[in-house]
Amino acid sequence: MPPQIINNLTLIFHGDTKEVLNKPYRNKSLVSYPLNRRASIKDIIESLGVPHTEIGCLLNRTEPLPFTFIPVGREEIHVYPLSPDIPVTSATLLRPTPLVGLHFMVDININKLAHLMRMAGIDTSSIPSESYRVITQAASDRKRILLSRNKDLLKYNQVIFGRLIRSQNPNEQFAEVVKLYALAPHFRPFSRCMLCNAVLVQVEKTDIKHRLEPLTKKHYIVFKECPSCNRLFWRGSHYEKMVKKLETFSPETIDDGLQG
Ligand SMILES: [Zn+2]
């Protein structure tokens, strides 16, 4: 029997897509892939460790490709990362139906990131489930960008928009997301409940003063309440620290338009 000829596919990984390649390819730019099966380019790249959510653009030399493209061998495919230059609100060949806005969902393993996002006023829901099917379907139905540290979760076809969070440190995770999605102009501190993501409602101090500690009652004027869990929020030292942190991302002073 004549030997079977296997054509190699050349994959060139750009930017931070290299970081998530499986060993032994990790951080290599060029991967020569023996094409011994009929598979979509999405499946091939994911088998090397890079979830499709991490890809901003695919080019066969200079020709843009969809995830469904089936290589026959000898192609030279460039894999480009997500970038703030390709916003999720623009239609692309890879993601023809864009999102209408910047709405996020986190898996429960990175819940501290969710708290930081909500403190900044970014719409970030979480889902109290460990079922991949439940999480991916919810992200798809609710048209949210799924943030996760779990590669397998992000490989699901239902997940159109997502991001594999690289760092294990919540502050670094937050910085990563703010930079990638250019979130600084969307910061609205003191607008969402850190725990439930509900939009806070301003309340009259006279209506809630019986719920305040004496020093809080003395020093603060403006209060907001979460309509979901009824927690009260005010511009205390925790809030001031958050605003300082947000200002490191933004050239302009963060102002929530409130006094007190
Ligand atoms: Zn709440």
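Ligands are counted one by one from 1 in listed order, and the atoms in each one are counted from 1 as well.
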R142 side chain near I127 side chain, heavy-atom distance below 4.5 Å: yes
Derivation and outcome, salt bridge (Lys or Arg N to Asp or Glu O under 4.0 Å), residues R166 and E176: CA-CA 8 Å; R166 311 299 209 261; E176 203 179 307; 5.1 Å; no
Sidechain-backbone polar pair: R74 side chain, N7 backbone, donor-acceptor under 3.5 Å: no
Within the 6.0 Å centroid threshold, strictly below: Y25 and F13: no
Count, waters excluded, of protein N, O or S atoms under 2.8 Å from the Zn ion (ligand 1): 4
Modelled atom types, side-chain donor and acceptor of S125 and N197, under 3.5 Å: no
Check against ring pair (Phe, Tyr, Trp, His ring centres under 6.0 Å), F174 and F249: CA-CA 11 Å; F174 180 67; F249 296 101; 5.6 Å; yes
